[in-house]
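Remember, predicted model here, so these are calculated numbers, not experimental data. Reminder, nothing fancy here: chain letters follow the sequence lines and each chain counts from 1.
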Amino acid sequence: MGQSLQKIENFDIKTFQEDLIGWYIREKRDLPWRKDQDPYKVWVSEIMLQQTRVETVIPYFNNFIKKFPNVEALANADEEEVLKAWEGLGYYSRARNLHSAVKEVAAKYGGKLPDDPKQLGKLKGIGPYTKGAILSIAYNKPEPAVDGNVMRVLSRILLIEEDIAKPKTRRIFEEAAANLISKERPSDFNQALMELGAMVCTPTSPSCLLCPVQEHCLAFSEGLQEKLPVKTRSKSTKQVSIACAVLVQNNDLYIHKRPDTGLLANLWEFPNCEVRTNRIPKRIYLENFLREEYGVEAELSELKGTIQHVFSHLTWNINVYFGKVCSDESMKELEKVFIKDIDRYAFPVPHQKIFALYKEKAGIQVEP
DNA sequence: AAGACGGGGCT
DNA sequence: AGCCCAGTCTT
C-alpha cells in the first residue's frame, strides 16, 4: 500500500467531495465544451486542452466544431483542412492523430465514440489522462483523469512529495484520485479538481484563503503549499541556425510541405535549411541548397531580418532573405502558389512571422 | 526513463 | 530566461 493511501484513511472523503463539487457548481466557468455532454465535443476539447490553456483553446474549439460538427464531418474532411483549423495551436500530431482516430471510430464503431476503456485507450492520441477525462465527463464513469492540475492539487491536499516529472509518479496520483472520486458524480468531481487547479490552487501563489477545500489540505496546514508539487527541472533548449528564403516570381510564391513525421509535420514553410558552418556566407549557402535540394536557381537579397522562435526543446534563429527565381525548370519538392491564396495553407508561427516580415519589407498587399 | 513535440503567458 | 499549461508518442 502506498503512502498516499495511508493518508486517505484519516481523510473525510465524503465532506471533501461535497465541498469541492459544491464550489464547482457555484463557480465553474461557462466554457463552450460544457454546453452539453456530446462525447465528440468532449473528445475534441480534451485533445485541444493537452498542454494548452483554456483561453487559447476557446476560439479554436468554436471554429473547429463549426467546421466539423460531428464525427462524420471530421472523418470526411481532408487533412489539409484539419491542419488549417489547427494552425497556430501547436503540437500538430494531435490534429493528425485525432483525424485518424475519428476515421477509425466512423469505420469501426459506426461513428459512436466507445465507452469501453480498452477500446478508447487504443485510439490514437488518447492516453491515460484523456481516456479518463472522456470516460468521466462524457460517460459519467468513475475513472481518474490525472493531468498536471490534478497532480498539483492532490500533491498539496494529500502532501505527496513524489517528483511529478517522473513518469511512474502518475500511478500514485491515479490511485489517490481513484480513491477520492465521487461515485455519484464522477464528471463534476474530475472537472472540479481541474477547475480548482486552474482557478485557485495555481502553480504559484495559490489562493488558499479562498479555497473551498482548505480545511482538507495537508500542505496548507503545514504551510507547504508553495513548496509543492516537487518537480525536477528540465534543461535548456538547443540553438539551431536557419537560413530561409521568400522566393517570388510575378505573383507566385514558392512554398514547401514538410515531411509527414517529426517537427511541424505536414505543415507548409518557406524554403529553408539549417546552417551548421560559418565558412560560407549564409546567403550563398542557401542559394546552393535551393539549387541542389529543390532545383531552383535563385538570386537572394541581402539579409532582410532575423526571426527567433522558441520551441519547448529547441530555438530557431532564422536569417531571412528575399529572392527572385531565375530558373525553376528542374524544380522539385516545391509548390508555386498565388500570393493571394497563401492563407489556404497551414503555416507554423515562425513561418507566419517570416511572411509578416516579407509583407512589411517588400510592401506587398495581399488581397483576400 | 528520457526526449520529441508548439505556442503563449506569467514571473 | 525559465516555468507552466485539462499529455502523448517514440525510442
Pick the [atom1] atom in [N] and in [M], then give their distance to the nearest Å.
N: dC3(C); M: dG3(B); atom1: P; result: 15 Å
N: dT8(C); M: dG9(B); atom1: C1'; result: 23 Å
N: dG6(B); M: dC5(C); atom1: C1'; result: 12 Å

Ring centroids only, cut at 6.0 angstrom: are Phe11(A) and Phe16(A) within range, meaning strictly under it?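 Phe11(A) vs Phe16(A): aromatic centres under 6.0 Å.
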
Give a yes or no on whether the ring-centroid distance for Phe64(A) and Phe68(A) is below 6.0 angstrom.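 Between Phe64(A) and Phe68(A), the centre distance is under 6.0 Å.
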
Looking across every strand, which nucleic acid part, if any, lies under 4.0 Å from [X] by heavy atom: base, sugar-phosphate, or nothing?
X: Arg34(A); result: base
X: Gly197(A); result: nothing
X: Arg152(A); result: sugar-phosphate
X: Val54(A); result: base
X: Thr52(A); result: base
X: Tyr129(A); result: base
X: Leu264(A); result: sugar-phosphate
X: Pro229(A); result: nothing

Side-chain atoms of residues 205-229 of chain A: list all donor-acceptor pairs with protein atoms under 3.5 Å, sequence neighbours left out, distances to 0.1 Å.
unit_1: Gln214(A); atom_1: NE2; unit_2: Cys208(A); atom_2: O; d: 2.9
unit_1: His216(A); atom_1: NE2; unit_2: Asp19(A); atom_2: OD2; d: 2.8
unit_1: Ser221(A); atom_1: OG; unit_2: Leu218(A); atom_2: O; d: 2.7

Please give, in whole Å, the distance from [N] [atom2] to [X] [atom1]?
X: Met48(A); N: dG7(C); atom1: CE; atom2: P; value: 15 Å
X: Asp147(A); N: dA6(C); atom1: CG; atom2: C1'; value: 4 Å
X: Asp163(A); N: dC3(C); atom1: CG; atom2: P; value: 13 Å
X: Lys131(A); N: dG7(C); atom1: NZ; atom2: C1'; value: 14 Å
X: Tyr91(A); N: dC5(C); atom1: OH; atom2: C1'; value: 9 Å
X: Arg170(A); N: dT8(C); atom1: CZ; atom2: C1'; value: 10 Å
X: Tyr24(A); N: dA6(C); atom1: OH; atom2: C1'; value: 11 Å
X: Asn190(A); N: dA6(C); atom1: CG; atom2: P; value: 15 Å

On DNA chain C, does the nearest nucleotide to Thr130(A) precede the nearest nucleotide to Arg53(A) from the 5' side, or the other way round? Give the residue.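 Looking at DNA chain C, the more 5' nearest nucleotide goes with Arg53(A).
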
Hydrophobic cluster (4.5 angstrom, side-chain heavy atoms) - remaining members for Val310(A):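 Grouped by the 4.5 Å side-chain rule, Val310(A) forms a cluster of one, so the answer is none.
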
Linking Ile, Leu, Val, Met, Phe, Trp and Tyr by side-chain heavy atoms under 4.5 Å, what else ends up with Val349(A)?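 Direct or chained contacts put Val349(A) with none.
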
Any pair with a residue in residues 313-323 of chain A that passes side-chain hydrogen bond (donor to acceptor under 3.5 Å, both in side chains), sequence neighbours left out, goes on the list, sorted by first then second residue, please.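 Of all non-adjacent pairs touching residues 313-323 of chain A, those that pass side-chain hydrogen bond (donor to acceptor under 3.5 Å, both in side chains) are Thr237(A)-Thr315(A), Gln239(A)-Asn317(A), Gln308(A)-Asn317(A).
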
Scan for side-chain hydrogen bond (donor to acceptor under 3.5 Å, both in side chains) pairs involving residues 95-106 of chain A, sequence neighbours excluded, and state none if there are none. Glu104(A)-Lys108(A)

May I have the list of side-chain donor-acceptor pairs in residues 130-141 of chain A shorter than 3.5 Å, sequence neighbours left out?
unit_1: Thr130(A); atom_1: OG1; unit_2: Gln50(A); atom_2: NE2; d: 2.9
unit_1: Ser136(A); atom_1: OG; unit_2: Gly132(A); atom_2: O; d: 2.8
unit_1: Ser136(A); atom_1: OG; unit_2: Ala133(A); atom_2: O; d: 3.2
unit_1: Ser136(A); atom_1: OG; unit_2: Asn190(A); atom_2: ND2; d: 3.0
unit_1: Tyr139(A); atom_1: OH; unit_2: Leu113(A); atom_2: O; d: 2.4
unit_1: Asn140(A); atom_1: OD1; unit_2: Ser187(A); atom_2: N; d: 3.2

Of the non-hydrogen atoms in Lys336(A) and Asp252(A), which two are nearest, and what is the gap between them? CE-OD2, 3.3 Å

Among residues 78-90 of chain A, which ones have heavy-atom contacts with DNA chain C below 4.0 Å? none

Check nucleotides 9-11 of chain C against the protein and report each pair of N or O atoms closer than 3.5 Å, with its distance, or say if there are none.
unit_1: dC9(C); atom_1: OP1; unit_2: Gly125(A); atom_2: N; d: 2.6

Could you give all pairs that pass the ring-ring contact (aromatic ring centres under 6.0 Å, His included) test and reach residues 24-51 of chain A, with sequence neighbours left out? Trp33(A)-Phe61(A)

Mind jotting down which residue pairs meet the ring-ring contact (aromatic ring centres under 6.0 Å, His included) criterion with at least one end in residues 230-262 of chain A? Sequence neighbours excluded, please.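 Counting only pairs at least two positions apart or across chains, the ring-ring contact (aromatic ring centres under 6.0 Å, His included) contacts touching residues 230-262 of chain A are His256(A)-Tyr294(A).
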
Measure up the Tyr345(A) and Trp268(A) rings against each other and bin them: parallel (under 30°), tilted (30 to 60°), perpendicular (over 60°).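 The rings of Tyr345(A) and Trp268(A) stand perpendicular, inter-plane angle above 60°.
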
Partners of Tyr91(A) by ring-ring contact (aromatic ring centres under 6.0 Å, His included), sequence neighbours excluded? none

Between which nucleotides of DNA chain B, 5' to 3', does chain A make heavy-atom contacts below 4.0 Å? dA1(B) to dG8(B)

Measure from the side-chain heavy atoms of Gln51(A) and tell me the nearest of dT8(C), dC5(C), dA6(C). dC5(C)

Relative to the 5' end of DNA chain B, which residue comes earlier, Glu55(A) or Ala265(A), by the nucleotide with the nearest heavy atom?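 Whichever sits nearer the 5' end wins; that is Ala265(A).
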
